[in-house]
Student: 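Structure below; questions to follow.
On a predicted model such as this, the values are computed, not experimentally measured, just so you know. What you see below is based on every heavy atom in this structure, not just the backbone, and it leaves out hydrogens, waters and symmetry mates. For ligands, and for the atoms within them, numbers begin at 1 and follow the listed sequence.
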Amino acid sequence: MSLLSVKELTKSYDGTLAVDHVSFSLQEGTATALIGPNGSGKTTTLSMIAGLLKETEGSISRDFQSGVGFLPQYPQFFPWMTALEFTEMAAQISGVDNKKARKQSIKTLEFVGLSAAMNKKAGTFSGGMKQRLGLAQAIVHQPKLLLLDEPVSALDPTGRREIMNLLKSLQQDTTILYSTHILNDAEEMTDQLLFLKQGKLVEYGSLPEVKSRHAEPRIKLRFDTEEAAAIFEKRQLWQMDRDRNIIQIPFTDAGPTMQQVLAVLADNDTGIAGVEKQNASLEEIFLKVAGER
Ligand code: ADP
């Protein structure tokens with residue numbers, strides 16, 4: 001069942017299209033990664049879905065009963081409030097009744113790993129703690145739809161891992177739409193990828209679908225030394241790219257088969273350290289999709 005559906009969603013600022021006729025839907029219980037370079041319209045899209053910004057054209061249909069949580073890219077806190085006070089206020093604003101708000105806030109702060117800091121003022125929090133508090137305010141009312149704008153971009157690798165793990169554990173009962181430009185994270189938690197470029201949706205689908213559309217399989221050879229790789233490169237007539245001791249040979253009709261490559265490696269003392277077949281990474285697909293004019 002689709003929990004949210006946007007059709008021809010468009011936002012124009014003084015005639016410039018920040019979001020340009022974007023359509024997609026989110027199936028219940030799935031995670032969708034909204035990917036795009038800076039300025040491609042990710043924040044604008046999420047803000048319209050969160051109801052913080054009015055669309056210029058198009059429609060957003062969602063089940064308003066189910067509740068929405070939103071973590072902005074730069075969440076704002078009142079520095080004098082404690083984490084618990086802030087979360088409780090967010091719960092009340094989202095319609096949780098006063099009696100339940102405290103209990104639910106404590107539970108949520110425990111879930112995001114802030115139980116020890118619950119009574120500390122948000123103004124004293126580190127970046128990672130602020131991001132956890134931001135997540136707490138977004139989920140305290142147990143929304144069915146969770147919108148997250150670059151939830152892990154400002155964090156160090158440890159913080160990123162922790163927040164990604166929290167998000168993954170929310171995934172069972174929540175439909176998640178999050179923007180990111182960290183493609184490893186997108187690859188880790190996604191049922192659907194949406195690529196934005198200059199406000200337009202230029203590619204979408206599941207990870208395997210997107211990967212297979214842009215797959216450019218190739219043979220990757222790793223040599224013991226740069227010299228060994230350079231010698232191999234000079235001797236063979238195939239099209240290949242060399243980066244220090246790594247050589248990549250694209251699989252094309254004109255190129256060699258894996259067997260031919262292996263035969264050459266077996267016949268010569270090439271100083272080979274490893275051979276693998278590789279597919280395009282999401283990073284490479286992103287650069288290709290984002291870079292195409
Ligand atoms: P992203 O989140 O992908 O970095 P944004 O949604 O923030 O992209 O921005 C998309 C485009 O809209 C950019 O070109 C940006 O300059 C423009 N834009 C965003 N907000 C405003 C605004 N309030 N007024 C004018 N232009 C804006």
Student: Only pairs at least two apart or in different chains count here, so list each ring pair (Phe, Tyr, Trp, His ring centres under 6.0 Å) that has a residue in residues 230-249.
Tutor: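 Only F223-F232 qualify under ring pair (Phe, Tyr, Trp, His ring centres under 6.0 Å).
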Student: Quick check: S40 and ligand 1, any N/O pair under 3.5 Å apart?
Tutor: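 It does: an N or O of S40 is found under 3.5 Å from an N or O of ligand 1.
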Student: Mind checking the NZ-CG spacing from K144 to D173? Nearest 0.5 Å is all I need.
Tutor: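 So the gap between those two atoms works out to 6.5 Å.
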Student: How close does the nearest protein non-hydrogen atom get to atom 8 (O) of ligand 1, and which residue and atom is it?
Tutor: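 For atom 8 (O) of ligand 1, the nearest protein heavy atom is G41 N, 3.1 Å.
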Student: So, T175 side chain and G29 main chain: donor-acceptor pair closer than 3.5 Å or not?
Tutor: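 Yes; judged by distance alone, with no hydrogens or angles, the pair exists.
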Student: Just heavy atoms, cut-off under 4.0 Å: does P37 contact ligand 1 by side chain, backbone, both, or neither?
Tutor: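 Answer for P37: backbone.
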Student: I want to check a possible cation-pi pair here: K107 against F111, using under 6.0 Å from ring centre and within 45° of the ring axis as the test.
Tutor: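 Output no; distance or angle outside limits.
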Student: Is there at least one protein heavy-atom neighbour under 4.0 Å from atom 21 (C) of ligand 1?
Tutor: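 Under 4.0 Å from atom 21 (C) of ligand 1, at least one protein heavy atom found.
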Student: Starting from atom 19 (C) of ligand 1, what is the nearest protein heavy atom, named by residue and atom, and what distance separates them?
Tutor: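 Nearest protein contact, heavy atoms only, for atom 19 (C) of ligand 1 is Y13 CE1, 3.5 Å.
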Student: Quick one: does G39 get within less than 4.0 Å of ligand 1, heavy atoms only?
Tutor: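 Yes; G39 lies near enough to ligand 1 that a heavy-atom distance drops under 4.0 Å.
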Student: Determine whether any protein heavy atom is located less than 4.0 Å from atom 16 (O) of ligand 1.
Tutor: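 There is no protein heavy atom less than 4.0 Å from atom 16 (O) of ligand 1.
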Student: Quick one: does K42's side chain have a donor or acceptor within less than 3.5 Å of a partner on L196's backbone?
Tutor: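 No: the side chain of K42 does not pair with the backbone of L196.
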Student: Show the nearest heavy-atom pair for residues V112 and L166, with the distance to one decimal.
Tutor: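 Closest approach of V112 to L166, heavy atoms only: CA-CD1, 3.9 Å.
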Student: Using heavy-atom distances only, which candidate in K11, Q198, K42, M48 approaches atom 3 (O) of ligand 1 most closely?
Tutor: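 The nearest heavy atom belongs to K42.
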Student: Do we see a donor-acceptor contact under 3.5 Å between the side chains of T32 and Q192?
Tutor: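 Result is yes, a qualifying pair exists.
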Student: Can you tell me which residue and heavy atom of the protein come closest to atom 7 (O) of ligand 1, and the distance to 0.1 Å?
Tutor: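 Answer for atom 7 (O) of ligand 1: T43 CB, 3.7 Å.
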Student: Provide the number and element of each atom of ligand 1 under 4.0 Å from a heavy atom of N38.
Tutor: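 It comes down to these atoms of ligand 1: 4 (O).
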Student: Looking only at protein heavy atoms, which one is nearest to atom 6 (O) of ligand 1, and how far off is it?
Tutor: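 Among all protein heavy atoms, the one nearest atom 6 (O) of ligand 1 is T44 OG1, 2.5 Å.
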